Amino acid sequence: MSRRKKKSLFTRKKVSKPKYTIGIPADSEWKTMPDFASFIVADEEGNQHRFSIGETAFILPEGVLPDKLHHPTAYWIGRIKEIRARNDEDVWVLVQWYWSPQEVNSVIKSFDVSGCGQYERIMSDYYDYVSTASFCDHATVMRYDERSIDQEVFDSDDFFCRFDLEYRARKILPNITRTACCCGVSYNPDRDPVMHFCPRPACCAAYHQECLQRPTQRLDAATRARKFIESWPDTDEQLSIEDLVGSRPCRKRRKGPESSISDPLEELPEDLVKAAQQQIVKGVQSGGVVGNVKAVVAARQLIYRSLLEGSLPTDWEDKVDIEAAIPSKRKSSPVFVCPQCQSLI
């Protein structure tokens, strides 16, 4: 999968405060100011950048000079909710803030920043009026649902958001225990080398390798690969490949002697089967922040449905990213069992 080209933040000339600016608007004044759908900011080279309602932006923190480039994590990030102006030179934005983990910890002491990545931000319900003179560039913050089997992949240096902050209630949503490992510690994509993911509907959870138990029974490579496939994302039932084939209606079963097909998987494309046989992992040494969850799950779902229905869609290659499921440089991991459903992961 090709890597998206990163856009650098632009710099701006160091300017004095506009002479017509009279300070941050009060709520009562804000309601009387004319509203706009967008505003324009010029960079140091005179290029114009338009910001619109609903977009997310990098915002210059107080005391940081606008004429120098800083690491992306040094900037504040906010979502543009409203734009109003006193005049052409005095334009203000109602910003909904993304908070850093450290900022959240300053109001919720129990929030563990060690479980967060450096590019992680928390969407808050806290708003401020911010001058357009503080806007530096457009930003993208990817929404990351750790329990989703359809989570889009993003790069390790993309900003992402797993949690929301209810500021007045001093509450984090969803509850961190819902997504944390069985040890209670959240996944840190900057620190954790390997997290093993179970795709069963009742599980959809990832675990630190050191928190998992090895299978009690010794399994050969072929059996392990088959057991990985049989950790179906579509059902919590412990169904084997043969169980699925046997459950087909008679009219969907292939004609001919039963012995003509020794293994139902032999009828399927080799690349698809190989993708489905992979362990589902993520982490510093295991495919990045999101890992291969979506790709391997898609492969197993295709096999599950084809075994039930007796046919594979002709466009199956458009439905699964084989390269993402089987990265070339990943080291093989030991085999473990899911602490909830006991499936091989």
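Keep in mind the model is a prediction, meaning the values are calculated, not measured.
- Taking hydrophobic clusters as Ile, Leu, Val, Met, Phe, Trp and Tyr residues chained together by side-chain heavy-atom distances below 4.5 Å, Val245 shares a cluster with Leu268.
- Judged by distance alone, the side chain of Asp128 and the main-chain N or O of Val130 form no donor-acceptor pair under 3.5 Å.
- Put simply, CZ on Arg143 and CZ on Phe154 are 11.0 Å apart, with the number rounded to the nearest 0.5 Å.
- Partners of Arg200 according to the salt bridge (Lys or Arg N to Asp or Glu O under 4.0 Å) rule, which considers only residues two or more places apart in sequence or in another chain, do not exist here.
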For this session: Could you give me the CA-CA distance, side-chain angles and deciding distance for Ser148 and Asp150, then say whether side chain to side chain donor-acceptor pair (under 3.5 Å) is met?
Result: CA-CA 5 Å; Ser148 173; Asp150 199 35; 5.8 Å; no
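- Side-chain contact, Trp97 with Ser124: no donor N or O sits under 3.5 Å from an acceptor N or O.
- Taken together through direct or relayed side-chain contacts under 4.5 Å among Ile, Leu, Val, Met, Phe, Trp and Tyr, Val320 and Leu307 form part of one hydrophobic cluster.
- Taking all atoms of both residues into account, the shortest heavy-atom contact from Val296 to Ala276 is CG1-O, 4.1 Å.
- At a cut-off of 3.5 Å, with distance as the only test, a side-chain donor of Glu266 or Ser262 sits close to an acceptor on the other residue.
- When only modelled atom types and interatomic distance are considered, Ser114 and Asp112 share a side-chain donor-acceptor pair under 3.5 Å.
- Judged purely by atom type and a 3.5 angstrom limit, Asp158 uses its side chain to pair as donor or acceptor with the backbone of Asp155.
- Between Tyr129 and Asp27, the closest side-chain pair of non-hydrogen atoms falls below 4.5 Å.
- Looking only at distances, a side-chain donor or acceptor of Arg300 sits under 3.5 Å from a matching main-chain atom of Ser231.
- A donor atom on one side chain and an acceptor atom on the other are not found under 3.5 Å apart for Trp232 and Gln301.
- Distance check: Trp316 CH2 to Leu272 CG gives 5.0 Å after rounding to the nearest 0.5 Å.
- Expressed to the nearest 0.5 Å, how far CG of Asp125 lies from CG of Asp164 amounts to 8.5 Å.
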Problem set entry | Full working for ring pair (Phe, Tyr, Trp, His ring centres under 6.0 Å) between His196 and Tyr207 | CA-CA 5 Å; His196 290 257; Tyr207 307 96; 9.2 Å; no
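- Not a single donor-acceptor pair under 3.5 Å links the side chain of Arg147 to the backbone N or O of Thr179.
- Between Tyr75 and Asp137, the side chains place no donor N or O within less than 3.5 Å of an acceptor N or O (distance only, hydrogens not considered).
- Side chain of Arg224 to backbone of Leu219: a donor-acceptor contact under 3.5 angstrom is found.
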For this session: Evaluate salt bridge (Lys or Arg N to Asp or Glu O under 4.0 Å) for Arg84 paired with Glu29, printing each intermediate quantity in order.
Result: CA-CA 10 Å; Arg84 294 177 184 261; Glu29 182 190 8; over 6 Å; no
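- Distance check: Arg178 CZ to Leu173 CG gives 10.5 Å after rounding to the nearest 0.5 Å.
- For the pairing with Arg79, the side-chain contact (heavy atoms from CB on, under 4.5 Å) check across Leu94, Val141, Thr56 returns one residue only, Thr56.
- When atom types are taken as modelled, the side chain of Ser100 and the backbone of Glu103 share a donor-acceptor pair closer than 3.5 angstrom.
- His71 places a side-chain N or O within 3.5 Å of a backbone atom of Thr73 that can act as its donor or acceptor partner.
- When all heavy atoms of Asp271 and Ile326 are compared, the closest pair comes out as O-CD1, 4.3 Å.
- Looking at Tyr304 and Glu230, their side chains never bring a donor and an acceptor atom within 3.5 Å of each other.
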Exercise. Going through the distances and angles, do Arg226 and Asp220 end up as a salt bridge (Lys or Arg N to Asp or Glu O under 4.0 Å)?
Worked result: CA-CA 10 Å; Arg226 204 172 186 84; Asp220 60 45; over 6 Å; no
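- In this structure, Asn292 contributes its side chain and Gln278 its backbone to no donor-acceptor pair below 3.5 Å.
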For this session: Under the side chain to side chain donor-acceptor pair (under 3.5 Å) rule, what do Trp92 and Asp90 come out as? Steps first, then yes or no, please.
Result: CA-CA 7 Å; Trp92 292 81; Asp90 199 4; 2.7 Å; yes
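- Side-chain atoms of Asn105 never come within 3.5 Å of backbone atoms of Gln102 as a donor-acceptor pair (strictly under, hydrogens ignored).
- Side-chain rings of Tyr167 and Trp99 approach one another, their centers coming within less than 6.0 Å.
- Open room surrounds OH on Tyr126; 12 or fewer heavy atoms of other groups in view lie less than 6.0 Å from it.
- Listed for the Asn188 side chain is a donor-acceptor partner under 3.5 Å among the backbone atoms of Asp190.
- Salt-bridge formation is detected for the pair Lys282/Glu146: a Lys NZ or Arg NE/NH1/NH2 atom is positioned less than 4.0 Å from an Asp or Glu carboxylate oxygen.
- Taking SG of Cys198 as the reference point, atom CD of Gln340 lies at 7.5 Å (rounded to 0.5 Å).
- The 12-atom threshold is not exceeded at CD of Glu62, counting heavy atoms of other residues, nucleotides or ligands nearer than 6.0 Å.
- Between Phe135 and Phe39, the ring planes lie perpendicular to each other; the angle is over 60°, past the 30° to 60° tilted range.
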